[in-house]
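Below is one structure, written out as structure tokens; the observations come after it.
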Protein chains: 2
Amino acid sequence: MDIDRSSPTPAYVQLADLLREQISAGRYPQGAVLPPEDGIGRLYGVGRTSVRRAIAVLLHEGLIVTGRGTQAQVRAQPERTMLGIAGSDQVVARMPTPPEARRLALTAGVPVLEVTRTDGSVEVFPADRYGAHGE
Amino acid sequence: MDIDRSSPTPAYVQLADLLREQISAGRYPQGAVLPPEDGIGRLYGVGRTSVRRAIAVLLHEGLIVTGRGTQAQVRAQPERTMLGIAGSDQVVARMPTPPEARRLALTAGVPVLEVTRTDGSVEVFPADRYGAHGE
DNA sequence: CTTGATTTGTACGTATGTATT
DNA sequence: AAATACATACGTACAAATCAA
């Protein structure tokens, strides 16, 4: 598979699509390490800018994690604990504010679940480790 | 307020923080238009690259929307419709896959709610327009 | 343990394309 | 039609974290 430079789809989107396919096809299983950015760039004939943008796409989809000095890694999806939601409790999902992201140690691409109880109290949970069901 | 170039916090993060504060302080209310990228860059003494990264941060937080040719705009938060969740139904939140984002016309920074019913059927909702409560 | 190589993160500039006004 | 403004994409340079010798 290859990047089509005549396509209206940006090179970085095409590259993100290609990498996503390879991840979901098991070419890079959970915990696997992607090639370095310059290696990916040589493989597909794009500059480092485009490689980094493609990686940023997958990062914000919650598919991979990145870190300085370490190659991108396919995210291991943790088990979800299910929260009980009473009839008058409300649940919404949204992206975290920066202080929430710090407090919950959230990586990019992870939403939060905001649970408002009947008494008005609010709790916030990382959406990759918590889900909800009725009760 | 100003960018501290000697700080370990990246310039684009500082700039995103400044813009976020101004939005939440009402300096830019819902629907308001931010200054053009080069104008922001001159205001704070940073290059367009850093302005665009700061804007990308706010975009992925779901705070603003962007478009080609049009300045960034503060997102209007739509009303949420509340879904009823029975005891054995399960709800999880995550970032959308690309086909989901297209199908639901999602802008960046909007998670999805995935509802799995007792019978195994699965429905996916945009998390900025839907929430959940027990029933 | 320290050094050096590798790799990602930040930040700049430049050029071109495309959509809006 | 022209000006404005965002989007894509390349390259360069340096800083910072990690890893292997």
Side-chain angles (χ1 to χ4, degrees), chain A residues 2-19 28 31-60 63-75 98 101-102 105-109, chain B residues 2-19 28 31-60 63-75 98 101-102 105-109:
Chain A
D2 220 8
I3 305 287
D4 176 10
R5 305 311 286 247
S6 72
S7 163
T9 303
Y12 78 89
V13 175
Q14 293 185 50
L15 179 52
D17 290 343
L18 291 174
L19 294 174
Y28 298 108
V33 165
L34 300 193
E37 293 173 354
D38 60 350
I40 296 177
R42 276 193 303 275
L43 272 174
Y44 294 96
V46 297
R48 194 183 160 208
T49 308
S50 298
V51 175
R52 286 187 60 74
R53 293 197 65 177
I55 286 183
V57 168
L58 304 181
L59 181 67
H60 286 115
L63 263 182
I64 61 176
V65 290
T66 64
R68 201 170 217 152
T70 63
Q71 291 150 242
Q73 201 175 358
V74 179
R75 242 171 92 82
R102 279 191 299 272
L106 294 178
T107 59
Chain B
D2 218 8
I3 305 287
D4 176 10
R5 305 312 285 247
S6 71
S7 163
T9 304
Y12 79 90
V13 174
Q14 293 185 50
L15 179 53
D17 291 343
L18 292 173
L19 294 174
Y28 297 108
V33 166
L34 300 193
E37 294 173 353
D38 60 349
I40 296 177
R42 277 193 303 274
L43 272 175
Y44 294 95
V46 297
R48 194 180 160 214
T49 308
S50 298
V51 174
R52 285 186 61 74
R53 294 194 64 176
I55 286 183
V57 169
L58 304 181
L59 180 68
H60 286 114
L63 263 181
I64 61 176
V65 290
T66 64
R68 204 167 215 154
T70 64
Q71 292 151 241
Q73 202 176 357
V74 179
R75 240 171 94 82
R102 279 191 300 272
L106 296 178
T107 59

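Protein chains get the first letters and strands the later ones, always in sequence-line order, with residue 1 at the start of each.
Regarding contacts with the backbone of D:dA9, every side-chain N or O of A:Arg53 stays at 4.0 angstrom or more from both OP1 and OP2. Residue A:Ser50 places no side-chain N or O under 4.0 Å from the OP1 or OP2 atom of D:dT8. OP1 or OP2 of D:dA7 lies within a sub-4.0 Å distance of a side-chain N or O belonging to B:Thr66.
Remark: P of C:dT8 and CZ of A:Arg68 are 12 Å apart, rounded to the nearest angstrom.
Residue B:Pro36 has its side chain nearest to D:dA5 when only C:dG9, D:dG11, D:dA5 are considered. Here the side chain of B:Glu37 is nearest to one of D:dC10, C:dG13, D:dA7, namely D:dA7. For A:Gln71, whose side chain is taken as the heavy atoms from C-beta onward, the closest listed nucleotide among D:dA9, C:dT7, C:dT20 is C:dT7. Distances from the side chain of B:Thr49 to the nucleotides D:dC6, C:dG9, C:dC12 place C:dC12 closest.
Taken to the nearest 0.5 Å, the CZ atom of B:Arg5 stands 10.5 Å off from the OG atom of B:Ser7.
Under the Watson-Crick or G-U wobble criterion, with both distances below 3.5 Å, C:dT14 is paired with D:dA9.
Residues B:Ala54 and B:Ala16 approach most closely at CB-N, 3.7 Å, considering heavy atoms.
Of the options A:Leu63, A:Leu15, A:Thr66, a side chain to side chain contact (heavy atoms under 4.5 Å, CB included) to A:Ile55 is made by A:Thr66 and by none of the others.
Residue A:Thr70 is in sugar-phosphate contact alone, with no base atom involved, counting any heavy-atom pair closer than 4.0 Å across all strands shown.
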